[in-house]
J.: 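Below are the structure tokens for one structure; questions will follow.
As the structure is a computational prediction, the values presented were derived from the model and not from experiment. Along the sequence shown, residues are numbered consecutively beginning with 1.
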Amino acid sequence: MHYEKLSIPDVVLLTPNVFGDERGFFMETFRQSEFENHCGPYQFVQDNHSKSKQGILRGLHYQHQHPQGKLVRVTRGEVFDVAVDMRQHSPTFKQWVGVRLSEKNQHMLWVPPGFAHGFYVTGKEAEFQYKCTDYYAPADEVCLRWNDLTIGIEWPLKDGAQPQVSAKDAKGLTFERAPTF
Ligand SMILES: Cc1cn([C@H]2C[C@H](O)[C@@H](COP(=O)(O)OP(=O)(O)O[C@H]3O[C@H](C)C(=O)[C@H](O)[C@H]3O)O2)c(=O)[nH]c1=O
């Protein structure tokens, strides 16, 4: 597995070693010891799996009192995945980083606790699977507006069209109103 710190150094891109043969492929997708060395002493307690159609945008979400670290990957299709630093004492506070995760590149992204997270489906569809360092706490969830002007995420929207978001995400908070860490 290759680990690469991105422009927000606590956000790490993981690239697994893929072993292909005439049957298909094999890859290790997680090793606790390696992960701790490169990303920190985190343990995962919940796995999630969602499927989304092209043009869907999920997020930006985070839990405030029970923040979740997320190790995310795409097992079918492609997404543009974004993490926003919501930690007010961080040198990269308010900054965002985005990467394309796909079935093809097999990339994974470590999004630490303290970040808002979301993704936009750039392929025909996307199956999104991820590990979380804390349990789902719906009452604790915060939704940051995907197109907040302060953060200014440059989503690769298809033909500049508006993404399809849930009713909840359409009512996301502006950055000024969103709680920070
Ligand atoms: C997140 C979650 C949801 N649910 C239930 C609640 C709803 O009945 C249904 C859909 O939930 P929601 O619309 O919040 O799902 P997403 O929009 O994919 O939310 C996720 O999207 C962004 C990208 C994230 O980073 C978070 O992991 C998460 O907030 O699943 C659960 O039962 N457990 C869970 O952990």
J.: Under the side-chain hydrogen bond (donor to acceptor under 3.5 Å, both in side chains) test against T180, which residue among H64, H89, Q88 passes?
T.: Q88
J.: So which heavy atom on A116 is nearest to which on L60, and how close?
T.: CB-CB, 4.1 Å
J.: Quick check: is L157 connected to V121 through a chain of hydrophobic side chains (ILVMFWY, heavy atoms under 4.5 Å apart)?
T.: no
J.: Given 3.5 Å as the limit, does a donor-acceptor pair link the side chain of D148 with the main chain of T174, or not?
T.: no
J.: Calculate, to the nearest 0.5 Å, the distance between atoms CD1 and CH2 belonging to I151 and W96 respectively.
T.: 10.5 Å
J.: Do any N or O atoms from the side chain of Q63 and from the backbone of Y135 form a donor-acceptor pair under 3.5 angstrom?
T.: yes
J.: Cut-off 3.5 Å, side chains only: do N17 and H2 have a donor facing an acceptor?
T.: no
J.: With a 4.5 Å limit on heavy-atom distance, are the side chains of L6 and V99 in contact?
T.: yes
J.: For side chain to side chain contact (heavy atoms under 4.5 Å, CB included), just list the numbers for M27 and M1, CA-CA rounded to whole Å, side-chain angles, deciding distance to a tenth of an Å, and then say yes or no.
T.: CA-CA 9 Å; M27 62 182 179; M1 184 82 78; over 6 Å; no
J.: Working to the nearest 0.5 angstrom, can you tell me the gap between Q164 CD and I56 CD1?
T.: 3.5 Å
J.: Looking only at non-hydrogen atoms, find the nearest pair between N48 and C132 and report the distance.
T.: ND2-SG, 3.5 Å
J.: Start with the C-alpha distance between Q106 and F25, add both sets of side-chain angles, then the distance that settles side chain to side chain contact (heavy atoms under 4.5 Å, CB included), and finish with yes or no.
T.: CA-CA 11 Å; Q106 303 281 15; F25 73 83; 3.5 Å; yes
J.: Counting C-beta onward and ignoring hydrogens, is there a side-chain heavy-atom pair between P112 and V11 closer than 4.5 Å?
T.: yes
J.: For the residue pair F80 and P156, what are the closest heavy atoms and their distance?
T.: CD2-CD, 3.3 Å
J.: Could you give the distance from CZ (F181) to CZ (F93), rounded to the nearest 0.5 Å?
T.: 10.5 Å
J.: Tell me yes or no: between the side chains of E176 and T150, is some donor less than 3.5 Å from an acceptor?
T.: yes
J.: Are the side chain of W155 and the backbone N or O of W146 linked by a donor-acceptor pair below 3.5 Å?
T.: yes
J.: Quick one: pull up NZ in K158 and OH in Y120 and give me the separation to the nearest 0.5 Å.
T.: 8.0 Å
J.: When you compare the side chain of I153 with that of V84, does any pair of heavy atoms fall below 4.5 Å?
T.: yes
J.: Evaluate the side-chain proximity of M108 to L71: yes if any heavy-atom separation is below 4.5 Å, no if none is.
T.: yes
J.: What's the spacing between R31 CZ and L14 CG if we round to 0.5 Å?
T.: 13.5 Å
J.: Nearest 0.5 Å please: distance from the CD atom of E36 over to the CD atom of Q32.
T.: 4.5 Å
J.: State, yes or no, whether a side-chain contact exists between H117 and V72 at a heavy-atom distance under 4.5 Å.
T.: yes
J.: Do NZ/NE/NH1/NH2 and the carboxylate oxygens of R145 and D169 come within less than 4.0 Å?
T.: no
J.: Can you find a pair of side-chain heavy atoms, one from R76 and one from V74, that are under 4.5 Å apart?
T.: no
J.: Show, in sequence, the C-alpha distance, side-chain angles and deciding distance for L109 and L101, and conclude whether the side chain to side chain contact (heavy atoms under 4.5 Å, CB included) test is met.
T.: CA-CA 8 Å; L109 192 67; L101 305 177; 4.3 Å; yes
J.: Distance only, no hydrogens: is a donor on one side chain within 3.5 Å (strictly under) of an acceptor on the other, for S52 and R58?
T.: yes
J.: Looking at every non-hydrogen atom in both residues, tell me the closest pair between P113 and T133 and how far apart they are.
T.: CG-OG1, 4.3 Å
J.: I need the minimum non-hydrogen distance between T92 and R87, along with the two atoms involved.
T.: OG1-NH2, 4.0 Å
J.: Is it the case that one hydrophobic cluster holds both L173 and V82, taking links as side-chain heavy atoms less than 4.5 Å apart, direct or via other members?
T.: yes
J.: Check whether any side-chain heavy atom of Y62 lies under 4.5 Å from a side-chain heavy atom of M86, and answer yes or no.
T.: yes
J.: Restricting to non-hydrogen atoms, name the atom on D134 and the atom on P67 that form the minimum distance, rounded to 0.1 Å.
T.: CB-O, 3.8 Å
J.: Would you please test K53 and E125 for side chain to side chain contact (heavy atoms under 4.5 Å, CB included) and show each step?
T.: CA-CA 4 Å; K53 297 176 293 188; E125 63 178 11; 5.7 Å; no
J.: Using the rule that two of Ile, Leu, Val, Met, Phe, Trp, Tyr join whenever any of their side-chain heavy atoms come within less than 4.5 Å, decide whether I8 and L144 are in one cluster.
T.: no
J.: Has the side chain of Q68 got a donor or acceptor atom that lies under 3.5 Å from a matching backbone atom of G114?
T.: no
J.: Taking side chain as C-beta onward, heavy atoms only, is S102 less than 4.5 Å from V79?
T.: no
J.: Main chain of R100, side chain of N105: is a donor-acceptor contact present, judged purely on distance under 3.5 Å?
T.: yes
J.: Tell me whether the centres of the aromatic rings in F128 and F119 are closer together than 6.0 Å.
T.: yes
J.: Is T122 reaching over with its side chain to a backbone N or O of E78, donor-acceptor style, under 3.5 angstrom?
T.: yes
J.: Ignoring hydrogens and geometry, is there a side-chain-to-backbone donor-acceptor pair from Q46 to K131 under 3.5 Å?
T.: no
J.: Quick check on ring-ring contact (aromatic ring centres under 6.0 Å, His included): which of Y130, Y3, F115, F35 does W110 satisfy it with?
T.: F35
J.: Whether the side chain of Q129 engages the backbone of R73 through a donor-acceptor N/O pair (distance < 3.5 Å, no angle test) should be reported.
T.: no
